[in-house]
Amino acid sequence: MSNIAHYALSDWGTSRFRLWLVDSAGNVIAEKRSDDGLDASRNRGFADTLEGHLSALGAPVDLPVIVCGMAGSRQGWVEARYVPVPADLRAILSGAARIENIARDVRIIPGLSQSGHSPNVMRGEETQLLGAILARNLSNGIIAMPGTHSKWVTLQEGRATGFSTYLTGELYALLASQSILRHSIGDAASSASPDHPQFAAGIELMLSGERMLGELFGIRAAMLLDDLSPEGAASRLSGLLIGAEIAGAKAKSSDRITLVASGAMAALYGAALRIAHLDFSLVDADEAVRKGLFVAASSIWPAKG
């Protein structure tokens with residue numbers, strides 16, 4: 001592994017900012033993570049935010065930067081327009097938008113869009129998707145990328161042909177912190193466990209055909225009547241929401257699933273998929289997005305490779 005940085009890779013989301021300096025083989029030399037997401041960076045200035053983090057890592061002034069995520073949205077630094085599906089994930093790299101009127105060469109990868117009867121968009125996940133495809137040498141199947149807005153992508157002959165979005169993570173945060181369920185969950189929102197019996201119970205209810213809206217208030221009632229603990233309430237809510245997502249995705253396809261996730265998310269979704277008797281393999285989400293960004297950088301600046 002070399003100590004010379006060839007590229008800077010950034011996953012710049014709505015609330016979080018991640019930056020890696022990598023060598024010519026894609027090995028990580030330095031890393032920075034912060035809460036300088038879209039909203040915070042808009043107020044401070046995107047260029048100043050990026051340069052501040054690059055400087056903190058000792059990046060050379062001429063180091064090129066490739067970015068994915070919400071920094072390329074209409075409300076971001078510069079809009080990197082969507083590429084419609086079906087799409088070759090490598091082909092979207094040619095549409096990377098360059099930031100004008102700054103000294104450093106910075107490019108932002110475009111997202112993917114789906115028009116017609118089921119309109120949809122993704123931004124940031126397309127890069128993670130590319131990395132997962134390359135990591136497993138995938139040509140066909142379903143790729144699941146859980147998160148605030150979970151994405152399930154259909155891959156056919158190496159092309160993304162369609163995708164669905166589930167607001168699972170966002171709904172969990174809203175219900176746990178702003179609905180009546182906050183009185184049952186309290187400070188345990190981050191304590192949802194794949195090993196808790198309430199998690200499995202929530203998953204199984206959704207897979208059995210029950211409707212999520214009819215089950216949510218039961219969390220509150222179980223706390224009042226059966227002394228359901230905050231950890232149990234959080235686990236049941238997580239199970240209901242993830243179970244509804246998996247039931248919806250399962251109804252559309254039974255193809256083998258590649259799960260792109262890390263940490264607690266990988267544990268929760270892995271347990272849920274096993275309960276659903278769905279065959280899957282796991283790709284680390286952080287590694288996938290770095291790999292996708294590195295391939296993009298190498299494609300745009302091949303002389304640096």
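In this chain, numbering begins with 1 at the start of the sequence shown. Because the structure is predicted, anything quoted here is derived from the model rather than measured.
- Sorted pairs that involve residues 261-272 and meet salt bridge (charged side-chain N to carboxylate O under 4.0 Å, His left out), not counting sequence neighbours, are lacking altogether.
- Note that CG of N27 is 13.0 Å distant from CG of L21, once rounded to the nearest 0.5 Å.
- Under a hydrophobic-cluster definition in which Ile, Leu, Val, Met, Phe, Trp and Tyr are linked whenever side-chain heavy atoms come within less than 4.5 Å, directly or via other members, L241 and M145 are assigned to different clusters.
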For residues 65-82, run the donor-acceptor check on the side chains, cut-off 3.5 Å, and write out each pair with its distance to 0.1 Å, sequence neighbours left out.
| unit_1 | atom_1 | unit_2 | atom_2 | d |
| --- | --- | --- | --- | --- |
| S73 | OG | M70 | O | 2.8 |
| S73 | OG | Q75 | N | 3.4 |
| S73 | OG | G76 | N | 3.3 |

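- Across V28 and V22, no two heavy atoms sit closer than the pair CA-CG1, 4.1 Å.
- One finds the CG atom of L155 at 8.5 Å from the OG1 atom of T258 (value rounded to the nearest 0.5 Å).
- Sequence neighbours left out, not one pair with a member in residues 150-173 passes salt bridge (charged side-chain N to carboxylate O under 4.0 Å, His left out).
- Minimum interatomic distance between M206 and G239 (heavy atoms only, all atoms of both residues): CG-O, 4.5 Å.
- Annotation: side chain of S191 is in contact with side chain of E231 (closest heavy-atom distance under 4.5 Å).
- At a threshold of 4.5 Å between non-hydrogen side-chain atoms, the residues L112 and L89 count as touching.
- Under the rule for a salt bridge (Lys or Arg N to Asp or Glu O under 4.0 Å), the partners of R42 that lie at least two apart in sequence or sit in another chain are D39.
- Here the closest non-hydrogen pair linking G124 and E126 is N-OE1, 2.6 Å.
- Listed by first and then second residue, the salt bridge (charged side-chain N to carboxylate O under 4.0 Å, His left out) pairs that reach into residues 7-16 are D11-R18, R16-D35, sequence neighbours excluded.
- Between S235 and H196, the shortest heavy-atom distance links the atoms OG-CB, 3.5 Å.
- To the nearest 0.5 angstrom, S55 atom OG is 11.5 Å from D48 atom CG.
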Under 3.5 Å donor-acceptor pairs involving side-chain atoms of residues 209-226, not counting sequence neighbours:
| unit_1 | atom_1 | unit_2 | atom_2 | d |
| --- | --- | --- | --- | --- |
| R211 | NH1 | G209 | O | 2.8 |

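- Contacts of D88 classified as salt bridge (Lys or Arg N to Asp or Glu O under 4.0 Å), with partners at least two apart in sequence or in another chain: none.
- Side-chain heavy-atom separations under 4.5 angstrom define the hydrophobic clusters, and the remaining members of the one that includes I242 are I142, W152, Y166, F199, I203, L207, I246, I257, L259, M265, L268, Y269, L273, I275, L278, F280, L282.
- Partners of R33 under the salt bridge (Lys or Arg N to Asp or Glu O under 4.0 Å) rule, at least two apart in sequence or in another chain, are E31, D286.
- A heavy-atom distance below 4.5 Å is not found between the side chains of V85 and T161.
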TODO: With ring pair (Phe, Tyr, Trp, His ring centres under 6.0 Å) as the test, would you mind laying out the steps for W12 and F46 before giving the verdict?
DONE: CA-CA 10 Å; W12 206 332; F46 289 97; 5.5 Å; yes

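- A salt bridge (charged side-chain N to carboxylate O under 4.0 Å, His left out) check over residues 246-271, counting only residues at least two apart or in different chains, returns the pairs R256-D279.
- Between D36 and the options N43, T49, L50, a side chain to side chain contact (heavy atoms under 4.5 Å, CB included) holds for only T49.
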Side-chain donor/acceptor pairs under 3.5 Å, residues 99-107, sequence neighbours excluded:
| unit_1 | atom_1 | unit_2 | atom_2 | d |
| --- | --- | --- | --- | --- |
| R104 | NE | E51 | OE2 | 2.8 |
| R104 | NH1 | P60 | O | 2.9 |
| R104 | NH1 | V61 | O | 3.3 |
| R104 | NH1 | L63 | O | 2.9 |
| R104 | NH2 | E51 | OE1 | 2.9 |
| D105 | OD1 | R98 | NE | 3.4 |
| D105 | OD1 | R107 | NE | 2.7 |
| D105 | OD2 | R107 | NH2 | 3.3 |
| D105 | OD2 | W301 | NE1 | 2.8 |

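- A distance of 14.0 Å separates CD of E287 from CZ of F294, quoted to the nearest 0.5 Å.
- At a threshold of 4.5 Å between non-hydrogen side-chain atoms, the residues I92 and I109 count as touching.
- When all heavy atoms are compared, the tightest approach of A285 to S262 is N-OG, 3.0 Å.
- Residues passing the ring-ring contact (aromatic ring centres under 6.0 Å, His included) test with H53, sequence neighbours excluded: F17.
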